[in-house]
Amino acid sequence: MSLEEIKDHQLVGKYIQPETREVNGVLLTKIMSDNWDNIWNFQAKPDDLLIASYAKAGTTWTQEIVDMIQNDGDVQKCQRANTFDRHPFIEWALPPPLNSGLDLANKMPSPRTMKTHLPVQLLPPSFWKENSKIIYVARNPKDLLVSYYHFSRMTRMMPDPGTWEEYIEAFKAGKVLWGSWYDHVKGWWDVKDQHRILYLFYEDMKEDPKREIQKILKFLEKEMPEEVLNKIIYHTSFDVMKQNPMANYSTLPTVLMDQSISPFIRKGMPGDWKNYFTVAQNEEFDKDYQKKMAGSTLTFRTEI
Ligand code: PPS
């Protein structure tokens with residue numbers, strides 16, 4: 001059964017606010033952790049494309065761009081299903097009878113495009129063995145934290161975020177789903193030149209979508225006329241995606257995502273963090289950031 005078929009009353013109590021458990025020090029939901037052997041043993045294929053990211057980094061945006069590229073700018077084809085059914089989220093699972101990401105991926109004909117938020121050390125090893133292509137998208141931690149906080153408030157599929165103050169501390173300590181953001185972005189950065197990985201930044205996509213989409217085209221070994229490229233830029237713009245029911249998660253039952261609390265496609269604006277961090281919180285965050293990112297060549301822009 002797919003998520004959009006399920007009724008609110010079937011979900012109450014059973015699906016909401018999951019228990020969590022660590023896998024090798026990384027916080028996941030208990031269901032993911034119980035299913036860990038199957039996730040780890042997932043069989044990737046050489047023609048798979050994986051879109052990897054930390055949560056709230058611009059995954060859905062990248063998924064829509066990739067789907068538009070793969071469908072040569074055909075909007076109708078990209079409306080065939082919800083983002084989460086078009087691209088299996090490999091480690092994600094809710095209790096039966098709902099399909100897990102693995103169920104969807106295993107049923108999907110090749111070539112498959114899939115999504116993951118797993119840190120590099122937890123990626124199923126078959127992706128490396130099969131040399132599948134991977135697009136990693138990263139986003140500055142301040143905007144990402146704000147986005148993750150609002151998302152955690154509106155979805156019942158994640159633990160409650162607590163207060164803003166509590167959430168900043170949990171994020172810095174890596175005690176949120178998918179673990180430490182710092183380890184995640186550095187981990188994928190460190191391996192990007194050893195595999196077929198395209199490492200993108202949300203802020204770059206926002207600054208110049210054409211340039212970044214061209215990078216994706218090159219990585220996917222595709223060419224397309226200027227007019228199709230422009231169509232992709234338009235269809236994947238914030239305002240258009242916000243209105244697209246196949247991309248904005250509005251088909252999900254309210255009990256799972258209450259978009260009246262905060263929309264899934266919310267603000268999409270680098271620098272929005274300034275509306276939330278106090279001066280003191282920002283200074284503390286920066287100090288902690290310097291320690292955690294010391295020695296890395298990876299840098300982020302917190303505004304454009
Ligand atoms: S998830 O749940 O982890 O898959 O979320 P993810 O898709 O990675 O991130 C959601 C944030 O991406 C923003 N978004 C966009 N920004 C700019 N342009 C487009 N087209 C776009 N689509 C989604 C979305 O609004 C979330 O960020 P915030 O800051 O909350 O607005």
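Each ligand, and each atom within it, is numbered from 1 in the order the structure gives.
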| field | Element-labelled atoms of ligand 1 that are located less than 4.0 Å from some non-hydrogen atom of G268 | value | 16 (N), 25 (O), 28 (P), 29 (O), 31 (O)
| request: Report the nearest protein non-hydrogen atom to atom 11 (C) of ligand 1: residue, atom name, distance rounded to 0.1 Å. | output: R139 NH1, 3.7 Å
| message | I'd like to know if R80 and D67 make a salt bridge, using a cut-off of under 4.0 Å between side-chain N and carboxylate O. | response | yes
| note | Across all chains, not counting sequence neighbours, the ring-ring contact (aromatic ring centres under 6.0 Å, His included) partners of F151 are F264
| Which atoms of ligand 1 sit under 4.0 Å from any heavy atom of A55? | 3 (O)
| message | Checking side-chain polar atoms at under 3.5 Å, does H117 have a donor or acceptor matched by the opposite partner on E91? | response | no
| task | Report the distance from atom CH2 of W92 to atom CG of N99, rounding to the nearest 0.5 Å. | result | 14.5 Å
| Can E223 and K218 be counted as an ion pair, charged N to O under 4.0 angstrom? | no
| In terms of atom number and element, which parts of ligand 1 are under 4.0 angstrom from non-hydrogen atoms of H117? | 1 (S), 3 (O), 4 (O)
| task | Considering the heavy atoms of M241, write down every atom of ligand 1 situated less than 4.0 Å from one of them. | result | 20 (N), 22 (N)
| request: Say whether Y249, considering both its backbone and side-chain N or O atoms, lies within less than 3.5 Å of an N or O atom on ligand 1. | output: no
| field | Any E64 heavy atom less than 4.0 Å from ligand 1 | value | no
| message | List ligand 1 atoms under 4.0 Å from S237, heavy atoms only on the residue side. | response | 20 (N)
| query | For Y182, which residues count as a ring-ring contact (aromatic ring centres under 6.0 Å, His included) partner, sequence neighbours excluded? | reply | none
| query | Would you say K206 and ligand 1 have an N/O pair spaced under 3.5 Å apart? | reply | no
| request: May I ask you to list the atoms of ligand 1 that are less than 4.0 angstrom from any heavy atom of G58? | output: 6 (P), 8 (O), 9 (O)
| query | Among Y54, W92, F264, Y148, which one has a heavy atom closest to atom 24 (C) of ligand 1? | reply | F264
| For I265 and ligand 1, does the shortest N/O to N/O distance drop below 3.5 Å? | no
| query | Going by the atom numbers of ligand 1, which of them fall below 4.0 Å from some non-hydrogen atom of K115? | reply | 4 (O)
| said: When you compare ligand 1 with S147, is there at least one nitrogen or oxygen pair between them that comes in under 3.5 angstrom? | reply: yes
| said: For T29 and T20, which I'm curious about, is there any donor-acceptor pair between the side chains at under 3.5 Å? | reply: no
| query | Is the number of heavy atoms from other residues, nucleotides or ligands within 6.0 Å of NZ (K222) greater than 12? | reply | yes
